[in-house]
Amino acid sequence: MKRVIALLMENQPGALSRVVGLFSQRGYNIETLVVAPTTDPTLSRLTMSTEGDEKVVEQITKQLNKLIDVVMISDLSDSQHIEKELMLMKFTEEHFPKETFEESSIVSNSDGVINVQVVGTSLELDELITTLDSSKPIEIVRSGVLGISSNKDILSIEN
Amino acid sequence: MDNAKKSGAEALIHSLHLEGVELMFGYPGGAALHIYDAIFNQNYVDHILVRHEQGAVHAADGYARSTGKPGVALVTSGPGATNAITGLATAYMDSTPIVVISGQVKSGLIGTDSFQETDMIGVSRPIVKHSFLVQKAEEIPEIIKKAFHIATTGRPGPVVIDIPKDFTDPDYKFDYSYPEEIKMRSYNPPIKGDPKRISEAADLIESAKRPVIYSGGGVIQNDASAELTELAKLLNFPVTNTLMGLGAFPGSDPQFMGMLGMHGTYQANMAMHNADLIIAIGARFDDRITNDPKQFALGAKKIHIDVDAASVSKIIHADVPIVGSAKDCISSLIQELKSRDLTLNTEAISAWNKQVDDWREEHGLNHSLLEQGPKDGKILPQQVVQSLYKETEGQAFITSDVGQHQMFAAQYYHFDKPRQWINSGGLGTMGFGLPSAMGVQLAYPESTVACVTGEGSIQMCIQELSTCLQYGLPIKIINLNNAALGMVKQWQDMQYGGRHSSSTYENSLPDFIALAESYGHVGIKVSKFKDLEAAMKECISLKNKLVFLDVDVDPNEHVYPMLEAGNAMDYMWLAKDKKTW
Ligand SMILES: Cc1ncc(C[n+]2csc(CCOP(=O)(O)OP(=O)(O)O)c2C)c(N)n1
Ligand SMILES: [Mg+2]
């Protein structure tokens, strides 16, 4: 089962490598991983999606919690939440499927090359890619999953 | 000197002093030389010069295990740091509190492949509880404070502090003060167990008919032996200890079933397999205990007390998980039990204890082999351990290496006190025995410290004989010399048709007596059973000398019982030609 885990960690050199290292060390799978600083400059927020049964995910969260640099952790999949991914796609002009994209999703158009951006769930993005096979983009880049709970629960050290 | 300006190196040593560090083990080199100069200029912290950095870390570890206080090692960058790795992994696997300080190349050189540069933080990452790369000299006091706090609290473990050379420069001084307390928002180890869970545990205890208390290294680390013993006595439940937990419950107490697991006693393994309640405390159901986890103690409910939430239900599902310190949780459990009108299944439990005694009678270890004389003219390794036990009256600190000798020591020396038995259980590090004994002997100069080893293991850190001479450490090295990597050979006998691939030395062993003497120590050779006890007596009586007692033991002896892999805990080999299934 796919799980989305969000965590706050100290914004310090080495913190990220501990999180990533833990996954390879313990044989867990990371499917996507997104990290960025937060409005509190001492903290980074990391979102990862991983595949695993309940027991595996429970171990992952417990092991992550043990890392000294990890401040807070939440398994977003435990409750109602929103998952979104950003995807950028590059087409040559002659293979650009105009009908598929709205004007507003075009982010650049020059030298015969068109770049578009799409935001959606991972599934929606997967589906979009499969519908495109006749007019293949020449490059695709995806951000990985970002997640946030859709209720009042927040991941913050201030409460 | 307290509030004067200090260099990073001076701040480091002074901070160690304020943490209560009296001695450290180490080996100098370029990146650590500012620190070594600061050591030279003070009298607070003694430095023990080892002969190999692995020895420094094992010695710090032995010091920590025997005292409960954190051990400290200091190494230089590059090869000094990498030589410390085995010691760190050893401490990590057994959760012992040590702090390893490594010199690093100057901060400006990091990342340039400069001379003796190794990414110590990267290399050590998976085998430390935490690590720090110092970013400026002023950080040193706070980092020391945090390092000791992390190493010694919760589930203890090794912490690395990597210090670039420029941050210990004697010409750069700053206003020094040592923090009195440290708070870390991301680190709050649990102490108290959930009262609801404690009460559930008490319910299970009251209904148990075939209970077992199974305790591990966590009880020793957390100084909870008195509480464990009180609980066991209150309930009259049989007790077994893991290899790491020996001594937590008195080894010579009739309630004690001996060690469990791979080379555990018949009665301990049978009791685990047939139990209806297992109370696991400070133990982690590792593969050397459970055998096949899918077939492990299927009829038993499990109460699991551990300070590390990640250990609970990791391998074996806990019906009642209790996360907290062993000491606190056992105390609360005792309180809870006493506050009830405790109704145990007394009859069932005495029948169960009788069953354990029958198992012990049937296939238990023979603790009077020494009285039986030689076996086919040969000395049994078990007899050497029994002789050591007798001569030291069960009071010595025993360190060990890894192999058959380690298992014989664990099985035949009855440890009545915690911290008396010191071995590398988790990583299984050959070479641990002698340097760890140095740490113990320095902590307890008046006590007998014996290292039960094999001719294979002792050669992995034999260079420390020189350290022992320099600091006058009268360790007793008891070498169970079977002229082979005995444990490897045993597996080859049992699983590889007796093909002894690279497990013997073809007459290339050194003369250990001459070797010991060349380091200024005493060597005693024993080849005949009739000389064993007198030689042991002499060895132990030479209070001020390191003695290398080299005993030729039966090279064909195997360690039994031995669990048959892939099965439940009742599948045991009991002798070369006897098994339980
Ligand atoms: C550093 C290291 N290398 C290899 C091993 C694998 N190993 C386990 S026991 C053993 C043999 C040990 O021989 P010895 O010290 O003579 O003990 P004996 O089993 O003969 O009593 C070996 C090679 C190990 N545990 N540690
Ligand atoms: Mg041997």
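Hydrogens, waters and symmetry mates are skipped; everything else that's a heavy atom, side chains included, is used. So that the names make sense, note that chain A is the first sequence line, chain B the second, and so on, each numbered from 1.
Closest of all the heavy-atom pairs between B:V323 and B:V307 is CG1-O, 4.0 Å.
Taking CG of A:L33 as the reference point, atom CG of A:L46 lies at 5.0 Å (rounded to 0.5 Å). Rounded to the nearest 0.5 Å, atoms CG (B:L88) and OG (B:S102) are 8.5 Å apart.
Residues A:S149 and A:N151 bring a donor and an acceptor atom of their side chains to less than 3.5 Å of each other. Side chain to side chain, A:S122 and A:E85 meet the donor-acceptor criterion of an N or O pair below 3.5 Å. No donor-acceptor contact under 3.5 angstrom links the side chains of A:N29 and A:T50, judged on distance only.
Heavy-atom neighbours of chain A within the stretch residues 184-191 of chain B, taken at a separation under 4.5 angstrom, comprise B:M184, B:R185, B:S186, B:Y187. Using a 4.5 Å cut-off between non-hydrogen atoms, the part of residues 116-132 of chain B that approaches chain A consists of B:R125, B:P126, B:K129, B:H130, B:S131.
Using a 4.5 Å cut-off between heavy atoms, A:L22 contacts chain B through its backbone alone, with no side-chain atom that close. Heavy atoms of B:I150 lying under 4.5 Å from chain A belong exclusively to its side chain.
By the neighbour-count criterion of 12 heavy atoms within 6.0 Å, atom CD of A:E103 is sparsely surrounded, having that number or fewer from other residues, nucleotides or ligands. Around atom CG of B:D113, no more than 12 heavy atoms belonging to other residues, nucleotides or ligands sit under 6.0 Å away.
Contact count against chain A (heavy-atom pairs under 4.5 Å) is highest for B:K314 among B:Q135, B:R155, B:K314.
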Going through the checks in order, is the salt bridge (Lys or Arg N to Asp or Glu O under 4.0 Å) test met by B:R197 and B:E200? CA-CA 5 Å; B:R197 295 298 193 188; B:E200 284 170 24; 3.0 Å; yes
Would A:D75 and A:R3 count as a salt bridge (Lys or Arg N to Asp or Glu O under 4.0 Å) here? Give the steps. CA-CA 7 Å; A:D75 181 349; A:R3 288 267 164 174; 2.7 Å; yes
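The aromatic rings of B:F285 and B:F296 stand perpendicular to each other, their planes meeting at an angle above 60°, with 30° marking the opposite boundary.
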